[in-house]
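A short write-up of the structure that comes next.
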Amino acid sequence: MPNDAYVWQRRWTPPVLEALSAGADAVRAWRVLVAEIGADGRWINTAPDVAALTAARRPVVMVWRMDGRVDTLDAQATSARIAAASQAWRNAGITLAGVEIDYDCATSKLPAYRHFLAALKSRLGPDSALSITALPTWLNSPELDALLKVPDEAVLQVHAVMNPTQGLFDANRAQTWLDAFADRTQKPWRVALPAYGSRVAWDDAGNVAAIESERPALQPGGRASELVVAPAAMAAFVDRIHQSRPRGLAGIVWFRLPTARDERAWSLPTWRAVLMRQPLQPALHVTARAVADGGTQDLVLSNAGNADGALPFIIRWNGVCRGADGINGYTLERDGEGRYLRRAQDGLLHAGSQRHIGWIRCETPPTTFHVQP
């Protein structure tokens with residue numbers, strides 16, 4: 001199945017341009033966030049780099065995001081915006097593959113959304129393919145069948161923080177949604193899969209206070225947890241849907257294009273390997289580096305493999321050490337076998353990267369480290 005990818009960055013910095021160029025050969029088309037309308041009804045443009053999109057030589061789907069809390073959708077004003085942007089992009093040499101509306105509305109709003117899409121499609125004309133994103137929660141509505149008859153295709157999103165204890169992605173739950181969605185539409189559709197992690201913060205009452213993904217939420221206080229989608233697990237799911245392809249499934253759309261500055265997305269080499277269905281081989285190991293007199297050494301976790309690897313759960317050493325501590329997501333623990341570092345936060349170590357995870361001060365320096373997944 002072909003791969004598309006969302007370019008969801010609001011600022012087109014040099015790392016975004018580099019990732020766009022390096023990832024172009026792995027995708028069929030880019031799905032680029034062009035503008036979004038907030039809950040207050042105001043449009044905010046993202047100003048994608050048109051020259052970079054032209055140079056990437058891939059078809060582009062223009063994505064227009066609407067906050068799910070917006071109640072009034074104006075098809076006339078929206079189509080005018082889309083028409084103006086489409087003409088400008090075509091004049092620049094971009095091959096437009098269509099328009100996508102991303103509106104994560106409540107199920108109760110589906111009838112009104114259907115009327116908006118019908119009016120929008122009639123204004124866009126037959127030469128502009130219309131796509132929409134779809135939520136698994138809509139599967140419970142009898143209105144979904146009529147809604148899916150309007151656009152030319154839909155993209156089912158199976159990554160979401162429905163419950164922080166369930167993580168961002170569950171393969172069995174996603175498979176259930178894919179099978180159910182295939183029974184509800186007669187048109188081609190795609191599935192959006194995650195290539196990123198999120199940080200979920202809770203307030204003192206235990207409620208979700210903020211979710212950080214592509215942008216920081218700047219939520220003070222409370223407690224937080226990192227939710228990670230392991231590349232190996234996602235590669236296994238891709239194999240699964242290739243082997244048993246749901247009816248009508250036309251391809252995969254990845255959220256989102258990773259960059260060198262995107263701390264919660266996979267690394268670009270790992271992302272490319274998953275898209276091209278290549279073997280993933282992380283290689284995590286720990287080394288000790290002397291930093292001062294008195295025997296103090298920094299512990300450095302490195303990944304020499306070609307794929308991002310999950311942070312190890314436990315790290316032990318064989319030396320006799322009188323002092324130690326963990327940092328950057330690791331804490332010092334003790335049991336019958338002695339002191340060790342334990343992972344306190346889930347995360348990924350990018351291919352080719354390293355992380356300082358603690359320090360030790362030893363009478364007999366360790367010669368080996370034991371890394372437990």
Side-chain angles (χ1 to χ4, degrees), residues 4-12 16 20 27-50 52-54 56 58-92 94-106 109-110 112-135 138 147-148 150-157 159-160 187-192 213-215 253-257:
D4 291 4
Y6 285 108
V7 185
W8 214 246
Q9 287 80 2
R10 274 75 172 177
R11 296 179 59 247
W12 284 56
V16 175
L20 194 78
V27 301
R28 179 197 71 99
W30 299 117
R31 295 184 179 242
V32 179
L33 178 64
V34 180
E36 54 186 328
I37 186 170
D40 59 0
R42 296 182 180 180
W43 283 99
I44 301 174
N45 296 322
T46 61
D49 191 313
V50 175
L53 287 172
T54 304
R58 285 291 181 270
V60 176
V61 177
M62 307 178 82
V63 182
W64 302 77
R65 183 180 183 274
M66 302 176 178
D67 192 293
R69 293 168 293 181
V70 173
D71 292 323
T72 302
L73 302 177
D74 188 334
Q76 181 175 357
T78 303
S79 63
R81 283 181 172 272
I82 293 174
S86 298
Q87 188 60 52
W89 283 23
R90 288 192 180 99
N91 292 343
I94 294 176
T95 301
L96 284 182
V99 172
E100 182 169 296
I101 303 298
D102 178 6
Y103 182 46
D104 293 347
C105 67
K109 296 182 181 180
L110 292 185
Y113 186 30
R114 173 170 57 86
H115 289 301
F116 165 79
L117 290 174
L120 179 64
K121 186 170 177 57
S122 66
R123 291 177 178 274
L124 293 178
D127 295 333
S128 185
L130 179 62
S131 172
I132 66 167
T133 58
L135 299 178
W138 296 353
L147 175 74
L148 294 177
V150 179
D152 299 290
E153 71 168 21
V155 181
L156 178 65
Q157 303 177 64
H159 56 98
K187 295 187 177 182
W189 58 283
R190 303 175 193 271
V191 58
S213 183
E214 70 270 14
R215 290 186 293 182
V253 187
W254 293 92
F255 187 88
R256 56 194 180 268
L257 172 69

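Quick note: numbers below take in every heavy atom, side chains included, and nothing from hydrogens, waters or symmetry partners.
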> Which atoms form the tightest heavy-atom contact between Met62 and Leu96, and what is the distance?
Replying inline: CG-CD2, 3.7 Å
>> Could you go through Val50 and Ile94, starting from their C-alpha distance and side-chain angles, then the distance that decides it, and tell me whether this counts as side-chain contact (heavy atoms from CB on, under 4.5 Å)?
In response: CA-CA 8 Å; Val50 175; Ile94 294 176; 3.6 Å; yes
>> Distance check, rounded to the nearest 0.5 Å: Trp64 atom CH2 versus Glu36 atom CD?
In response: 11.5 Å
> If every non-hydrogen atom of Asp67 is compared with every non-hydrogen atom of Ala39, which pair is closest and at what distance?
Replying inline: CB-N, 3.7 Å
> Would Leu117 and Tyr103 count as a side-chain contact (heavy atoms from CB on, under 4.5 Å) if you check the C-alpha gap in whole Å, the side-chain angles of each, and the deciding distance to 0.1 Å?
Replying inline: CA-CA 11 Å; Leu117 290 174; Tyr103 182 46; over 6 Å; no
>> Restricting to non-hydrogen atoms, name the atom on Leu135 and the atom on Leu156 that form the minimum distance, rounded to 0.1 Å.
In response: C-CD1, 4.1 Å
>> Let me confirm one number: the CG-CD1 distance from Leu148 to Ile132, rounded to the nearest 0.5 Å.
In response: 5.5 Å
> Taking side chain as C-beta onward, heavy atoms only, is Asp74 less than 4.5 Å from Arg81?
Replying inline: no
> Between Arg58 (side chain) and Val27 (backbone), is there a donor-acceptor pair under 3.5 Å?
Replying inline: yes
>> Can you classify the ring geometry of Trp8 versus Tyr6 as parallel (below 30°), tilted (30 to 60°) or perpendicular (above 60°)?
In response: perpendicular
>> I'd like to check Ile44 versus Arg10 (side-chain heavy atoms, cut-off strictly below 4.5 Å). Are they in contact?
In response: no
>> Just verifying a value: how many Å separate Asp127 CG and Ser86 OG, rounded to the nearest 0.5 Å?
In response: 11.5 Å
>> Nearest 0.5 Å, please: how far is CD in Glu100 from CZ in Arg190?
In response: 10.0 Å
>> For Asp71, is there an ion pair with Lys109 - N to carboxylate O distance below 4.0 angstrom?
In response: yes
>> Determine whether a donor-acceptor pair (N or O, by modelled atom type, separation under 3.5 Å) exists between the side chain of Arg256 and the backbone of Trp254.
In response: no
> What closest approach, in Å, do Ala119 and Ala75 show between heavy atoms, and which atom pair accounts for it?
Replying inline: CB-CB, 3.6 Å
>> Restricting to non-hydrogen atoms, name the atom on Val150 and the atom on Lys121 that form the minimum distance, rounded to 0.1 Å.
In response: O-CD, 3.2 Å
> Given Leu120 and Val99, is the side-chain contact (heavy atoms from CB on, under 4.5 Å) satisfied, shown in steps?
Replying inline: CA-CA 11 Å; Leu120 179 64; Val99 172; 5.6 Å; no
> Do you know which two heavy atoms are closest between Val70 and Gly38, and how far apart they sit?
Replying inline: CG2-O, 3.1 Å
>> For a 4.5 angstrom cut-off between non-hydrogen side-chain atoms, does Val155 reach Phe255?
In response: no
> Quick one: CZ on Arg90 to OG1 on Thr95, what's the gap to the nearest 0.5 Å?
Replying inline: 10.0 Å
> Distance from Leu130 atom CG to Arg123 atom CZ, nearest 0.5 Å?
Replying inline: 14.0 Å
>> Which residue is it: Val60, Leu20, Leu33, Val63? I am looking for the one with a side-chain contact (heavy atoms from CB on, under 4.5 Å) to Val7.
In response: Leu20
>> side-chain contact (heavy atoms from CB on, under 4.5 Å), that's the test. Do Cys105 and Leu110 meet it? Break it down for me.
In response: CA-CA 8 Å; Cys105 67; Leu110 292 185; 4.0 Å; yes
> With distance as the sole test, does Thr46 use its side chain to make a donor-acceptor pair with the main-chain N or O of Val34 at under 3.5 Å?
Replying inline: yes
>> Looking at Arg42, is its backbone amide N or carbonyl O close enough to the side chain of Asp40 to form a donor-acceptor pair, meaning the two atoms are under 3.5 Å apart?
In response: yes
> Which class fits the ring pair Tyr113 and Trp138: parallel under 30°, tilted 30 to 60°, perpendicular over 60°?
Replying inline: perpendicular
